[in-house]
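Take a look at the structure below.
Fair warning: this is a prediction, and the values are worked out from it, not measured in the lab. As the structure lists them, so they are numbered: ligands from 1, and atoms in each ligand from 1.
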Amino acid sequence: MLTLRTAAEAAQAASRLARPLALVPTMGALHAGHLALVAQARRDNAAVMATIFVNPLQFGPTEDFSRYPRAFAEDERQLEAAGVDLLFAPSVEEMYPAGFDTGIDPGAIATRFEGALRPGHFRGVATVCVKLFAIARADRVYFGAKDAQQVAVLRQVVRDLALPTEIAVAPTVRDLDGLALSSRNAYLRPPERAAAPGLYRALQAMSDAVERGETNRDRIVAFGRAQIAAPLREAYLDVVDPLTFEAVPDTTSRPEQKNFIAIGSAWLGTTRIIDNVPLTVPAVPANAVLHASVTE
Ligand code: AMP
């Protein structure tokens with residue numbers, strides 16, 4: 001594995017890699033979720049380029065940029081072992097030299113949920129990703145389903161700007177108790193870590209309600225809310241269209257659409273965790289079946 005620090009060198013090295021080429025952007029402090037992305041990229045492509053860059057543009061002024069976990073030597077070792085061909089790990093000055101002044105603003109999709117709680121976050125994500133896409137010129141870029149709104153924002157950006165990169169999504173990797181792996185889980189103190197799987201349980205309760213035939217967003221969310229207990233504090237729970245991140249008041253309101261996700265976020269002390277699960281809307285709502293059998 002070649003590790004490069006400048007955009008010019010990385011672009012040149014990437015252009016020489018076999019095709020199809022996959023790009024896996026990360027902020028480092030790697031865990032099994034990142035490595036699953038790399039493994040999927042490795043399986044489906046002839047070459048893999050990974051990036052490690054803690055992107056200051058996507059952190060708010062009071063957020064954790066300076067204390068975000070950094071573990072470069074160990075990350076580099078793990079990426080090499082996972083079969084990555086090229087690692088691009090630039091400095092902030094390399095990505096944003098003096099005079100850098102362009103931003104990619106993804107519009108309405110970036111104002112909801114994570115965007116509302118983190119103003120400017122998705123502008124920072126979109127800006128760094130477009131720059132990384134331009135350097136790598138990869139055929140596919142891999143993102144984790146855990147960050148579902150990030151996926152939706154980048155799909156919008158790729159579509160709107162006709163970027164020649166396909167977005168591939170890998171499933172969320174979880175700890176045994178259901179907590180989605182995240183570099184930020186390292187911030188959780190033991191009692192917070194013990195309570196953290198409550199968010200996944202809330203999302204599962206929402207998913208179970210949908211499978212039982214519940215269609216109303218408020219009632220679905222209430223099932224989730226019932227699972228959120230101190231020290232967990234809800235930031236948001238909702239039912240959304242995974243492409244637009246618009247809330248869906250009732251899963252029957254758009255009969256042609258079957259594809260929804262339950263999204264959630266909760267605070268544990270000063271750390272906020274996020275997660276989501278797909279919702280499976282039954283082909284025939286459970287109450288319709290009941291109604292049919294009663295009237296026959
Ligand atoms: P990050 O380093 O947190 O910016 O994440 C880099 C990539 O890894 C993003 O596409 C994330 O969605 C993905 N990722 C992070 N955590 C997980 C996880 N638990 N399962 C799958 N993918 C993940």
Got I52 and L87 here, is their nearest side-chain heavy-atom distance under 4.5 Å?
-> yes
Looking at F223, is R212 sitting on its ring face, NZ or CZ under 6.0 Å from the six-membered ring centre and within 45 degrees of the normal?
-> yes
If hydrogens are left out, which of M27, Q58, Q40 has an atom nearest to atom 4 (O) of ligand 1, that is, the closest non-hydrogen atom?
-> M27
Using heavy-atom distances, let me know which of S182, P25, G144 sits nearest atom 6 (C) of ligand 1.
-> P25
Check whether the side chains of [X] and [Y] place a donor and an acceptor atom closer than 3.5 Å, and report yes or no.
| X | Y | result |
| --- | --- | --- |
| E166 | Y142 | no |
| T3 | E76 | yes |
| T6 | E9 | yes |

Quick one: look at P171 and ligand 1, take heavy-atom pairs under 4.0 Å, and tell me if it's side chain, backbone, both or neither.
-> backbone
I'd like to check whether [X] has a polar contact with ligand 1, where a contact means an N/O of the residue lying under 3.5 Å from an N/O of the ligand.
| X | value |
| --- | --- |
| T172 | no |
| L37 | no |
| A180 | no |
| V173 | yes |

Taking only heavy atoms of T26 into account, list the atoms of ligand 1 that are under 4.0 Å away from them.
-> 2 (O), 6 (C)
L181 heavy atoms within 4.0 Å reach ligand 1 at atoms 16 (N), 17 (C), 18 (C), 19 (N)
Flag the pair D175 and R193 as a salt bridge only when some basic side-chain nitrogen lies within less than 4.0 angstrom of an acidic carboxylate oxygen.
-> yes
